[in-house]
Amino acid sequence: QVQLVESGGGLVQAGGSLRLSCAASGRTFSTYTMGWFRQAPRKKREFVTAILRSGGNTYYADSVKGRFTISRDNAKNTVYLQMNSLKPEDTAVYYCAARLRVPSTFKNPGDYDYWGQGTQVTVSS
């Protein structure tokens with residue numbers, strides 16, 4: 001079983017920045033596709049960003065493009081989400097997710113095998 005442990009959430013003012021981290025177990029982390037999703041109250045879980053195996057390609061939801069950056073450090077088995085220019089509408093529980101096999105799609109929750117516990121991000125106006 002792959003375990004994902006998130007950290008870095010918290011309260012920040014609009015326009016500020018946060019960096020989320022997701023530390024993963026697994027002996028072949030560099031081959032995993034990693035994604036970030038978020039879920040606000042009364043809303044469905046929403047794709048934020050993904051980084052494909054070995055970090056070759058990244059993809060972003062339109063709502064965060066230009067503000068968020070996903071990266072990974074395979075030596076540390078960790079994926080990061082750098083969030084800049086935060087807006088109140090970014091407030092949500094953020095989840096990291098891992099897909100072990102080569103993905104055909106990666107923008108849906110069902111595309112992933114393992115999930116972190118979620119970390120709360122609150123952006124005040």
Distance check, rounded to the nearest 0.5 Å: S125 atom OG versus Q13 atom CD? 9.5 Å
Please examine the side chains of V102 and R53, heavy atoms only from C-beta on, and report whether any two atoms are closer than 4.5 Å. yes
Same apolar cluster (I L V M F W Y, side chains within < 4.5 Å links), V123/V48: yes
Could you walk me through whether Y114 and Y32 pass the ring pair (Phe, Tyr, Trp, His ring centres under 6.0 Å) check? CA-CA 11 Å; Y114 298 96; Y32 302 168; 8.1 Å; no
Flag yes if I70 and L100 sit in one hydrophobic cluster, no otherwise; membership is Ile, Leu, Val, Met, Phe, Trp, Tyr, and two members link when side-chain heavy atoms are under 4.5 Å apart. yes
Ring-face cation of R99 near F106 (centre distance under 6.0 Å, axis angle within 45°): no
Which atom of A40 lies closest to which atom of A92, heavy atoms considered: N-CB, 3.9 Å
Separation between OG1 (T78) and CG (L4), nearest 0.5 Å, reads 10.5 Å
Aromatic ring pairing F68/Y94, orientation class (parallel under 30°, perpendicular over 60°, tilted between): tilted
Non-hydrogen atoms of V93 and Q120 that approach each other most closely: CG2-OE1, 3.3 Å
Please examine the side chains of F29 and V2, heavy atoms only from C-beta on, and report whether any two atoms are closer than 4.5 Å. no
Flag the pair V121 / M83 as yes when at least one side-chain heavy-atom distance between them is below 4.5 Å, and no otherwise. yes
Is it possible for you to say whether W36 and L86 belong to one hydrophobic cluster, with membership spreading through side-chain heavy-atom contacts below 4.5 Å? yes
Rounded to the nearest 0.5 Å, what separates atom SG in C22 from atom CD in Q117? 8.0 Å
Measuring from F47:CZ to Y59:OH, what's the distance to the nearest 0.5 Å? 9.5 Å
Please confirm whether the backbone N or O of A24 pairs with a side-chain atom of N77, one donor and one acceptor, at under 3.5 Å? yes
Donor-acceptor pair, side chain of E6 and main chain of C96, under 3.5 angstrom: yes
Side-chain contact, heavy-atom cut-off 4.5 Å: S63 with R38? yes
Using atom types as modelled and distance alone, determine if a side-chain donor or acceptor of T58 lies under 3.5 Å from a backbone N or O of I51. no
Transitively linked via ILVMFWY side-chain contacts under 4.5 Å: Y112 with Y80? no
Is a side-chain N or O of R72 found less than 3.5 angstrom from the main chain of L52, in a donor-acceptor match? yes
Between N108 and T105, the two heavy atoms sitting closest are ND2-OG1, 4.4 Å
